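Following: one structure in structure tokens, then a few remarks.
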Amino acid sequence: MRASQFFIYSDKSTPAEAEIISHQLMLRARLIRKVASGIYSWLPMGWRVVSKISEIVREEMDAAGGAEIFMPAVQPADLWQQSGRWAAYGAELLRFSDRHGREFCMGPTHEEVITDIVRAQISSYRQLPINLYQIQTKFRDEIRPRFGIMRAREFIMKDAYSFDTDAAGMANSYEAMRAAYCRIFDRIGLKYRMVEADSGAIGGNFSHEFMVLADSGEELILYCQESGFAANVEQCPQLPPSSAPSASAARPAAQQTMEKIHTPNVKTIAELAEFLPEALRPEQNMKTMIVCGDNGSAAVLLRGNDSLNLIKAGNQAEIGDNARLASLAETQQLIGAGFGSLGPVNMPLPLIADYALHHAADFACGANEDDYHYTGVNFERDCPLPRFADLRNAAVGDPSPCGKGTLLGARGIEVGHIFQLGDKYSQAMNAVIDAPDGSQHPILMGCYGIGITRIVAAAIEQGHDENGMIFPDAIAPFSLIICPIAAQRSPAVRLAAEEVYQALRAAGVDVLLDDRDLRPGSMFAECDLLGIPHRLTIGERGLQNGEVEYKQRQEKEVTLVAQTAVVEFIQERLQSATRPGSSVDRAGPS
RNA sequence: CGGGGUAUAGCGCAGCCUGGUAGCGCGCCUGCUUCGGGAGCAGGAGGUCGUGAGUUCAAUUCUCGCUACCCCGACCA
């Protein structure tokens with residue numbers, strides 16, 4: 001490809017709307033252009049990156065036994081009504097009507113359509129297992145799109161769906177996808193981690209996320225160096241007190257008497273810690289939250305410096321699904337006191353305490369009366385002994401749930417998510433098969449997503465410096481760029497650049513020849529901004545010795561290469577750069 | 001959905017308070033000089049000032065409506 005014929009532009013100034021580095025660089029390098037909020041055009045340079053990612057995904061999906069299909073972006077309400085999601089899905093589902101008044105939506109995902117395809121074709125266990133996938137545009141009407149491509153409303157996703165006869169088959173299909181995902185992210189060349197995850201709204205009970213590691217990542221990953229355990233903070237369990245080695249002792253005996261103290265305007269744990277004596281630091285205070293769910297309400301007790309995990313709260317029988325914090329009005333009606341003054345003493349609701357409070361004694365808490373707290377409170381003596389459960393978000397420094405080490409933290413960007421769906425959709429939409437034993441039952445499904453376009457942003461978040469993007473070789477828009485210096489006035493440079501370009505093309509190298517006759521500074525700055533991993537500079541200075549200059553994007557120093565040996569040299573560099581494994585951190589549960 | 005802000009040339013911004021039909025930097029075009037990390041000089045092109053109404057002799061500027069975009073919030077007591 002010649003730069004003069006390619007759509008290659010860049011800008012020195014950073015667009016005001018872009019908050020994160022990947023968005024800024026993508027706009028500056030003209031990878032994308034915004035069309036509307038959360039909706040972008042991919043321009044040629046950006047589309048090459050997307051295409052390279054898609055191709056790797058496609059190859060590995062095919063290798064893992066997937067068959068590619070292409071489903072419509074526009075889906076009829078009818079299918080969504082069959083699965084029950086027309087009502088269940090909220091405002092993120094973009095709905096509209098056609099000229100006849102029939103209702104449609106833009107697909108945020110394709111379980112309904114794929115289940116409809118499969119139920120029409122598959123009636124016997126003999127036809128299974130199968131795995132169908134597509135690379136398609138999705139639309140989710142996010143409340144607030146931001147961070148450019150990272151959280152866009154329209155985006156490209158690879159979604160695969162597996163169909164099996166029984167649970168063992170579904171587990172096999174899931175494992176095949178898990179392995180394929182590792183190969184995909186190995187090949188793309190990003191540092192990532194596979195973590196245990198919550199299955200969220202899609203359903204099912206077994207799920208992993210693939211997270212690209214980047215300091216700017218929105219998700220917190222907790223992992224254990226010793227065992228390789230890794231989990232999303234939303235999902236990471238904590239050990240029950242009985243099995244946590246550091247907390248196996250009995251609860252200390254009460255030392256203090258319970259005392260009611262006036263605490264005007266003390267609403268937060270920080271304010272309480274400020275107000276109380278030195279000895280009562282936040283972790284010795286107890287905070288109490290009222291959580292409501294489908295089964296009812298409960299008072300949830302946590303250490304002052306811990307944070308509530310609503311997913312875990314929803315797993316408690318007293319609370320149930322759709323767990324949420326009570327509103328101020330609800331709290332005042334139920335308890336007679338507002339936020340910040342709640343506690344377990346004389347609490348009319350069931351008490352559930354986090355494991356971390358199992359050994360709490362002489363603690364401070366709200367008095368269920370505005371502007372009053374108790375100190376010296378003890379379970380059993382002053383209030384009932386609560387039921388203990390895993391309720392808090394795990395944190396860096398906790399004992400790892402694997403029992404072997406301590407949890408460390410890392411930030412990540414979710415780029416892949418795999419689920420076992422079971423019969424959630426096949427049951428609702430009547431996708432059943434005849435089993436070997438003559439019975440009929442719903443097909444067991446799995447679904448497997450990769451955010452193709454988000455990977456571009458994640459790669460830039462992970463790989464950039466003050467000069468621009470640093471793409472891994474496998475997904476860079478071009479592998480190599482040739483920069484001729486002052487070609488217009490040097491026939492020798494022009495000729496050499498052309499020869500090298502043709503030779504590399506013939507050797508199958510993905511090479512861009514910058515034939516725009518820019519000044520060297522502009523050319524180099526643009527190369528760096530675009531993150532093209534390898535660069536050959538051809539100038540009169542080197543040609544006098546029959547040499548051209550090679551530079552790798554991240555290296556400061558250049559290497560002189562004989563013009564006659566350049567193809568061989570470049571091929572060797574490209575091969576060593578794409579050799580997998582070296583830069584990949586692939587710890588995770590096995 | 002609530003709060004705040006913005007809308008002026010391809011991009012980044014000034015002008016508006018105090019009304020008189022628009023300017024800067026980058027980019028773009030022409031010429032000359034340059035040519036190894038976003039060159040210099042000279043000349044030039046490019047704007048119904050988001051949109052609709054109102055006030056006024058006169059509105060980019062003041063007033064109101066609308067639209068789009070951005071930020072914050074919408075769970076940690």
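Keep in mind the model is a prediction, meaning the values are calculated, not measured. Chain letters run A, B, ... following the sequence lines, proteins first, then strands; residues in each count from 1.
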>> For a salt bridge (Lys or Arg N to Asp or Glu O under 4.0 Å) check, start with the C-alpha distance between A/R494 and A/E540, then their side-chain angles and the critical distance, and finish with the verdict.
In response: CA-CA 10 Å; A/R494 234 178 308 155; A/E540 288 202 320; over 6 Å; no
> Which nucleotide in the set B/C75, B/C76, B/G38 lies at the smallest distance from any side-chain heavy atom of A/L529?
Replying inline: B/G38
> Touch check for A/E19, heavy atoms < 4.0 angstrom, all strands: base, sugar-phosphate only, or nothing?
Replying inline: sugar-phosphate
>> Considering every strand and a 4.0 Å limit on heavy-atom distances, what is the contact class for A/L308: base, sugar-phosphate, or nothing?
In response: base
>> At 4.0 Å (heavy atoms only), tell me whether A/K551 reaches a base, stays on the sugar-phosphate, or touches nothing.
In response: base
> If the C1' atom of B/U48 is compared with that of B/C35, how far apart are they to the nearest Å?
Replying inline: 43 Å
>> Please give the distance between the P atoms of B/G19 and B/C62 as a whole number of Å.
In response: 10 Å
> In whole Å, what separates the C1' atom of B/G23 from that of B/A39?
Replying inline: 25 Å
> Between A/D141 and A/M106, does a side chain to side chain contact (heavy atoms under 4.5 Å, CB included) hold up when you go through it step by step?
Replying inline: CA-CA 9 Å; A/D141 198 0; A/M106 289 298 294; over 6 Å; no
> For the residue pair A/Y40 and A/F155, is the inter-centroid distance of their aromatic rings smaller than 6.0 Å?
Replying inline: no
>> I want to check one thing: is the phosphate of B/C76, taken as OP1 and OP2, less than 4.0 Å away from some side-chain N or O of A/R392?
In response: no
> Going through the distances and angles, do A/M286 and A/L357 end up as a side chain to side chain contact (heavy atoms under 4.5 Å, CB included)?
Replying inline: CA-CA 8 Å; A/M286 175 185 296; A/L357 287 169; 4.1 Å; yes
>> Categorize A/L328 for me: base, sugar-phosphate, or nothing, with a 4.0 angstrom heavy-atom threshold over every strand shown.
In response: nothing
> Which part of the nucleic acid, if any, lies within reach of A/L518 when heavy atoms closer than 4.0 Å are counted: base, sugar-phosphate only, or nothing?
Replying inline: nothing
>> Can you check the distance between B/C1 and B/G40, where both ends of the measurement are the P atom (answer in whole Å)?
In response: 50 Å
>> In terms of relative ring orientation, are A/F96 and A/F104 parallel, tilted or perpendicular, with 30° and 60° separating the classes?
In response: parallel
> What do you reckon, is CD of A/Q333 surrounded by more than 12 foreign heavy atoms closer than 6.0 Å?
Replying inline: no
>> Measuring only the P atom in each nucleotide, how far is B/G10 from B/A53? A whole number of Å is fine.
In response: 24 Å
> Is there a donor and acceptor pair closer than 3.5 Å between the side chain of A/R144 and the base of B/G2?
Replying inline: no
> Between B/C75 atom C1' and A/I319 atom CD1, what is the distance in whole Å?
Replying inline: 13 Å
> What integer distance in Å separates A/E142:CD from B/G73:C1'?
Replying inline: 16 Å
> Now, which nucleotide makes the Watson-Crick or G-U wobble pair with B/U6, with each of the two distances under 3.5 Å?
Replying inline: B/A68
>> Using a 4.0 Å heavy-atom cut-off, does A/A337 contact any base of the nucleic acid, only the sugar-phosphate backbone, or nothing at all?
In response: nothing
> What interatomic distance, in whole Å, is found between P of B/C72 and the corresponding atom of B/U60?
Replying inline: 34 Å
>> Students often get this wrong, so: under 4.0 angstrom with heavy atoms, is A/L302 touching a base, only sugar-phosphate, or nothing?
In response: nothing
> A/N467 near the nucleic acid: base, sugar-phosphate alone, or nothing, with a heavy-atom cut-off under 4.0 Å?
Replying inline: nothing
Under-3.5 Å N/O pairs linking protein and nucleotides 24-34 of chain B:
unit_1: B/U34; atom_1: O2; unit_2: A/R519; atom_2: NH1; d: 2.6

> Whom does B/A14 pair with, Watson-Crick or G-U wobble, provided both distances fall under 3.5 Å?
Replying inline: none
>> Students often get this wrong, so: under 4.0 angstrom with heavy atoms, is A/R535 touching a base, only sugar-phosphate, or nothing?
In response: base
> Who is the Watson-Crick or G-U wobble partner of B/G38, with both distances under 3.5 Å?
Replying inline: none
> Mind checking who B/C28 pairs with, Watson-Crick or G-U wobble, both distances under 3.5 Å?
Replying inline: B/G44
>> Categorize A/S307 for me: base, sugar-phosphate, or nothing, with a 4.0 angstrom heavy-atom threshold over every strand shown.
In response: base
>> Can you check the distance between B/G3 and B/C49, where both ends of the measurement are the C1' atom (answer in whole Å)?
In response: 28 Å
> What integer number of Å spans the C1' atoms of B/A42 and B/G54?
Replying inline: 48 Å
> Between the side-chain atoms of A/T14 and the base atoms of B/G12, is any donor-acceptor pair under 3.5 Å?
Replying inline: no
> Which residues satisfy the salt bridge (Lys or Arg N to Asp or Glu O under 4.0 Å) test with A/R505, sequence neighbours excluded?
Replying inline: none
